[in-house]
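Counting from 1, the numbers follow the sequence of the chain as shown. Remember, it's 1-based here, ligands and their atoms both numbered in the order they're listed.
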Amino acid sequence: MEKSVKRIVLLASGSGSNVENINTHFKENTGVSISCVLTNRKNAGVLDRCLRLGIPAIHFNKIAFKDTDTVLRFLRSLEPDLVVLAGFLWKIPEDIIAAFPNKIINIHPALLPKYGGKGMYGHHVHEAVKANNEKESGITIHYVNKNYDEGAIIHQAKTTILKTDTVERIAEKIHGLEYEHFPKVIEKLVFKNG
Ligand code: GAR
């Protein structure tokens with residue numbers, strides 16, 4: 001591959017609808033390539049999606065991620081311009097963060113610093129937003145540091161939450177924001193790095 005092509009590596013634990021959306025966004029962009037999708041869940045829907053979409057994907061376990069430098073060495077070998085957490089639920093080890101300064105970003109389905117931290121992911125976030133009768137929620141795209149959901153914020157977008165919105169409807173609204181904003185932010189950052 002030409003050196004000028006920007007390389008993105010994605011980490012995902014769930015269904016991978018953001019991975020698919022990011023892939024669709026960059027399909028026509030010959031300057032950006034998705035090198036690989038890494039998942040920590042053997043049965044994650046994202047693996048089926050990657051198979052269908054023709055994106056290289058691999059599964060890794062905790063030993064490879066936290067106890068040894070297997071994943072770190074694999075990531076290094078991919079020479080990514082940006083590492084993107086797209087629904088990835090494990091905390092990133094400090095040696096990986098140190099190896100890719102300002103190159104690891106995450107999307108969180110709420111307006112951080114609200115509804116962040118350990119255990120706050122996916123539907124848990126939307127359930128808490130509903131339980132607290134929030135009038136708005138949104139997404140936060142941020143750099144990753146050693147604490148869950150605490151890195152510097154890059155971009156936020158909001159949506160109104162109605163009293164009548166169910167948790168499923170809130171999730172739908174948030175996913176809509178993610179699909180609209182995440183690829184654009186990734187594109188901006190990937191060309192800034194390097
Ligand atoms: C997304 O909504 C993302 O914001 C959230 O997981 C979902 C993954 O959906 N991430 C977190 O909650 C991280 N704390 P997807 O698998 O359909 O892309």
Just to confirm my output: which protein heavy-atom neighbour is closest to [atom], and how far is it?
{"atom": "atom 14 (N) of ligand 1", "answer": "His108 ND1, 3.3 Å"}
{"atom": "atom 9 (O) of ligand 1", "answer": "His175 NE2, 3.3 Å"}
{"atom": "atom 11 (C) of ligand 1", "answer": "Pro109 CD, 3.5 Å"}
{"atom": "atom 12 (O) of ligand 1", "answer": "Gly122 N, 2.9 Å"}
{"atom": "atom 3 (C) of ligand 1", "answer": "Glu178 OE2, 3.4 Å"}

Listed by chain and number, what are the ring-ring contact (aromatic ring centres under 6.0 Å, His included) partners of His124, not counting sequence neighbours?
->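 By the ring-ring contact (aromatic ring centres under 6.0 Å, His included) rule, His124 matches Tyr121.
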Within-cut-off N or O pair, [X] and ligand 1, under 3.5 Å:
{"X": "Val19", "answer": "no"}
{"X": "Asn106", "answer": "no"}
{"X": "Gly14", "answer": "no"}
{"X": "Ser17", "answer": "yes"}
{"X": "Tyr179", "answer": "no"}

Side-chain atoms of residues 48-67: list all donor-acceptor pairs with protein atoms under 3.5 Å, sequence neighbours left out, distances to 0.1 Å.
residue : atom : partner : partner atom : Å
Arg49   : NE   : Ser15   : O            : 2.5
Arg49   : NE   : Gly16   : O            : 3.4
Arg49   : NH1  : Glu20   : OE1          : 2.6
Arg49   : NH2  : Ser15   : OG           : 3.4
Arg52   : NH1  : Glu20   : OE2          : 3.3
Arg52   : NH2  : Glu20   : OE1          : 3.0
Asn61   : OD1  : Ile63   : N            : 3.2
Asn61   : OD1  : Ala64   : N            : 2.9

Thr159 side chain to Ser137 backbone, donor-acceptor under 3.5 Å = no
Check: [Y] and [X] side chains under 4.5 Å, non-hydrogen atoms:
{"X": "Ile104", "Y": "Tyr143", "answer": "no"}
{"X": "Lys6", "Y": "Leu82", "answer": "no"}
{"X": "Arg76", "Y": "Leu72", "answer": "yes"}

Measure up the Phe88 and Trp90 rings against each other and bin them: parallel (under 30°), tilted (30 to 60°), perpendicular (over 60°).
->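 It falls in the perpendicular class, over 60°.
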With backbone taken as N, CA, C and O and side chain as the heavy atoms from C-beta onward, which portion of Met120 lies under 4.0 Å from ligand 1: side chain, backbone, both, or neither?
-> backbone
What atoms in ligand 1 come closer than 4.0 Å to a heavy atom of Gly87?
->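 So the answer, numbered in order with elements, is 6 (O), 8 (C), 10 (N).
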Ligand-residue contact atoms, ligand 1 with Gly16, heavy atoms, under 4.0 Å |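 Result: 15 (P), 16 (O), 17 (O), 18 (O).
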Please name the residue in the list Asp149, Ile139, Asn106 that meets the side-chain contact (heavy atoms from CB on, under 4.5 Å) test with Leu112.
->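 Only match with Leu112 under side-chain contact (heavy atoms from CB on, under 4.5 Å): Asp149.
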Work out whether the distance between some heavy atom of Ser15 and some atom of ligand 1 is less than 4.0 Å.
-> yes
Looking only at heavy atoms of Ile107, does any of them come nearer than 4.0 Å to an atom of ligand 1?
-> yes
Indicate if Phe74 and Leu85 have the same hydrophobic cluster label, given that clusters are the connected sets of ILVMFWY residues with side-chain heavy-atom separations under 4.5 angstrom.
->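 Hydrophobic grouping puts Phe74 with Leu85.
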Short N-O contact, Arg169 and Glu172, less than 4.0 angstrom |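 Salt bridge flag = yes for Glu172 with Arg169.
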